[in-house]
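In what follows, a single structure is set out as structure tokens and then discussed.
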Amino acid sequence: FIDSPVIDLLVNEKGEANYMVMKPTDEVEDDDKGFDLQIDRLEIKNALLRYCDEAGNLYFSAVNFDYLGSGNMSEAVFQLKSKIRIHSFDFSFDNVFYVKEKPILADLETLIDTKSLTFEFQKNNLKIKDLLVSFIGRFGFIENGYDMLFDINTEQASLNELLSLVPPEYQSWLDQTKFEGVVDGKFKLEGKFLALDTIMPSINLDLAIANGVIQHGNVMDPIKDLALKFQFKMPSLDMEQSEILIDQLDFSIAGRKSNFTLHTKGFEKPIVQSAMDLNMDLDLIQQALGVTGFDLKGDLQLKGNVDGQF
């Protein structure tokens, strides 16, 4: 049992980690043994966990972190069952926060190989704020980096549950806006992460929304019939190889329907293909979304195609 620990895991710009502190030895290792750790239950209460990787520009923190794990930890390879509760979790990459100040509940089953320092995530259920997700994957420490796979899915979630992940600075807007709709989402991060060799994993994101409604406050004309099929691909975390695909974006407001498709490839000089048939009152759109800071006025009717490089 460990109470109120503070754990800081640091990786400097050279890829050197403060947790890789084993000294070299001339002794021959017994390949059939792992760490001699005679523990079958571990409980941690009210921990503060911080991870900062300067080489990879990766950061996460867990505040008020409770952990309960069980497994035969004396074996070189063992199954670990874990329950986790985090009061506030932050995750950022390349100075962009993807999760900020969100509570997490998790029930995990992990196969751990202590000799190769690999973790295989076999059955894992999480609740991040209001959104339920499941994931499988692996994470392994390799020379100067990591080898990873995170395959995360959510099915038949509500649009409201998905938007509970927005940063806290938008919470006031979220509280004043009504959302309806069914969401399916998939996120995959896969590959080696070797910052010094500029070898990076790839990202794939799929998001589908059906029967969506957005209504800010008590506006008379909400956005209805929202349907979205969205994909984002970024091989090797390289924006120049990235692709955005919007196969469907349909919605209506005040009985007027609009639809839009988009395919882009690249970043600095993207190749763009798009088709649109838009028919809307811009003032009603702004009211339905509750967007402030500028004014939208006028009637927009636009039908056309875009095909070329910018």
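Any value given below was found using the heavy atoms of this structure, including those in side chains, with hydrogens, waters and symmetry copies removed. If you read the sequence from its start, that first residue is 1, and numbering goes on from there.
The existence of a salt bridge linking Lys257 and Asp250 is excluded, since no basic side-chain nitrogen approaches an acidic carboxylate oxygen closer than 4.0 Å. Taking a cutoff of 4.0 Å between a charged side-chain nitrogen and a carboxylate oxygen, Lys83 and Asp107 qualify as a salt bridge.
The aromatic rings of Trp173 and Phe179 lie perpendicular to each other, with more than 60° between the two planes, well past the 30° mark. The aromatic rings of Phe150 and Phe121 sit parallel, their planes meeting at an angle under 30°, below the 60° perpendicular limit.
Without hydrogens or angle criteria, Gln286 side chain to Phe294 main chain gives a donor-acceptor distance under 3.5 Å. In this structure, Ser242 contributes its side chain and Lys233 its backbone to no donor-acceptor pair below 3.5 Å. The backbone N or O of Glu109 sits nowhere less than 3.5 Å from a side-chain atom of Gln79 that would complete a donor-acceptor pair. Of the possible polar contacts, one joining the Ser258 side chain to the Asn279 backbone as a donor-acceptor pair under 3.5 Å is found. Although no hydrogens or angles enter the test, the distance criterion places no donor-acceptor pair under 3.5 Å between the side chain of Glu268 and the main chain of Glu240. Side-chain N or O atoms of Asn124 include none that pairs as donor or acceptor with a backbone N or O of Ser134 at under 3.5 Å.
Side-chain contact between Asp238 and Met200 is absent, with no heavy-atom pair separated by less than 4.5 Å. Between Met280 and Phe251 the shortest side-chain heavy-atom distance falls below 4.5 Å. Under the 4.5 Å side-chain criterion, counting only non-hydrogen atoms from C-beta, Ile142 is not in contact with Phe193. Between Ile203 and Phe187, the closest side-chain pair of non-hydrogen atoms falls below 4.5 Å. A heavy-atom distance below 4.5 Å is not found between the side chains of Glu43 and Tyr67. Thr177 is not listed as a side-chain neighbour of Leu289, based on a closest heavy-atom distance of 4.5 Å or more. Asp151 has its side chain out of reach of Phe135: every pair of non-hydrogen atoms, C-beta onward, lies at least 4.5 Å apart. Taking 4.5 Å as the limit, every side-chain heavy atom of Leu132 sits out of range of all side-chain heavy atoms of Glu161.
Cluster annotation: Leu189 is not connected to Tyr59 through the hydrophobic network of ILVMFWY side chains, with a link wherever side-chain heavy atoms come within less than 4.5 Å. The cluster map of Ile, Leu, Val, Met, Phe, Trp and Tyr, joined by side-chain heavy atoms under 4.5 Å apart, puts Phe97 and Leu162 in different clusters. A single hydrophobic cluster is not seen to contain both Val213 and Val219; linkage of ILVMFWY side chains at heavy-atom distances under 4.5 Å, directly or through other members, places them apart. Linking Ile, Leu, Val, Met, Phe, Trp and Tyr residues whenever their side-chain heavy atoms come within less than 4.5 Å places Tyr98 and Phe89 in a single cluster. Tracing side-chain contacts under 4.5 Å through hydrophobic residues (I, L, V, M, F, W, Y), one never reaches Ile244 starting from Ile271; they form parts of separate clusters.
Side-chain contact of Gln231 with Asp206: a donor-acceptor pair under 3.5 Å is present, judged by distance alone. A side-chain donor from one of Asp299 and Gln301 sits under 3.5 Å from a side-chain acceptor of the other.
Closest of all the heavy-atom pairs between Arg50 and Asp8 is NE-OD1, 2.6 Å. Listed here is the closest heavy atom pair of Ile86 and Val63: CG2-O, 3.8 Å. Heavy atoms only, all atoms of each residue included: Asp221 and Ala288 are closest at O-CB, 3.7 Å. Heavy-atom minimum distance, Arg256 versus Leu300: NH2-O, 4.2 Å. Between Leu126 and Ala106 the shortest heavy-atom distance is CG-CB, 3.9 Å. Looking at every heavy atom in both residues, Ile209 comes nearest to Val183 through CG1-CG2, 4.1 Å.
One finds the OG atom of Ser158 at 13.0 Å from the CG atom of Asn211 (value rounded to the nearest 0.5 Å). In this structure, the separation between CD on Gln273 and CG on Leu262 is 9.5 Å, given to the nearest 0.5 Å. Rounding to the nearest 0.5 angstrom, the gap separating the CG atom in Leu159 from the NZ atom in Lys178 is 12.0 Å. Atom-to-atom distance recorded for Leu42:CG and Phe1:CZ is 10.5 Å, nearest 0.5 angstrom. Note: Glu190 CD to Leu149 CG = 5.0 Å, rounded to the nearest 0.5 Å. Considering CG of Asn204 and CE of Met234, their distance stands at 10.0 Å, rounded to 0.5 Å.
Within a 6.0 Å sphere centred on OH of Tyr170, other residues, nucleotides and ligands contribute 12 heavy atoms or fewer. Counting non-hydrogen atoms of neighbouring residues, nucleotides and ligands closer than 6.0 angstrom, the CG atom of Asp175 exceeds 12 such neighbours. Crowding of Asp277 atom CG: a count of heavy atoms from other residues, nucleotides or ligands under 6.0 Å exceeding 12. The number of heavy-atom neighbours closer than 6.0 Å to CD of Gln241, taken from other residues, nucleotides and ligands shown, is above 12. In Arg85, the CZ atom is not crowded: 12 or fewer heavy atoms of neighbouring residues, nucleotides or ligands sit closer than 6.0 Å. Dense packing is recorded around NZ of Lys102, with more than 12 heavy atoms of other residues, nucleotides or ligands lying under 6.0 Å away. Enclosure of atom NZ in Lys192 is not indicated, since only 12 or fewer non-hydrogen atoms of other residues, nucleotides or ligands lie within 6.0 angstrom.
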Trace of the side-chain contact (heavy atoms from CB on, under 4.5 Å) decision for Asp130 with Asn160: CA-CA 8 Å; Asp130 298 328; Asn160 209 48; 5.7 Å; no
Determine whether Leu282 and Lys297 satisfy the following criterion, side-chain contact (heavy atoms from CB on, under 4.5 Å), listing intermediate values before the conclusion. CA-CA 5 Å; Leu282 295 176; Lys297 301 289 183 183; over 6 Å; no
Check the pair Gln176 / His216 against side-chain contact (heavy atoms from CB on, under 4.5 Å), numbers first and verdict last. CA-CA 6 Å; Gln176 298 176 56; His216 184 75; 3.6 Å; yes
Go through the steps for Asn46 and Asn64 under the test side-chain contact (heavy atoms from CB on, under 4.5 Å), then give the verdict. CA-CA 4 Å; Asn46 193 33; Asn64 195 0; 3.1 Å; yes
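The distance between the ring centers of Tyr146 and Phe139 falls below 6.0 angstrom.
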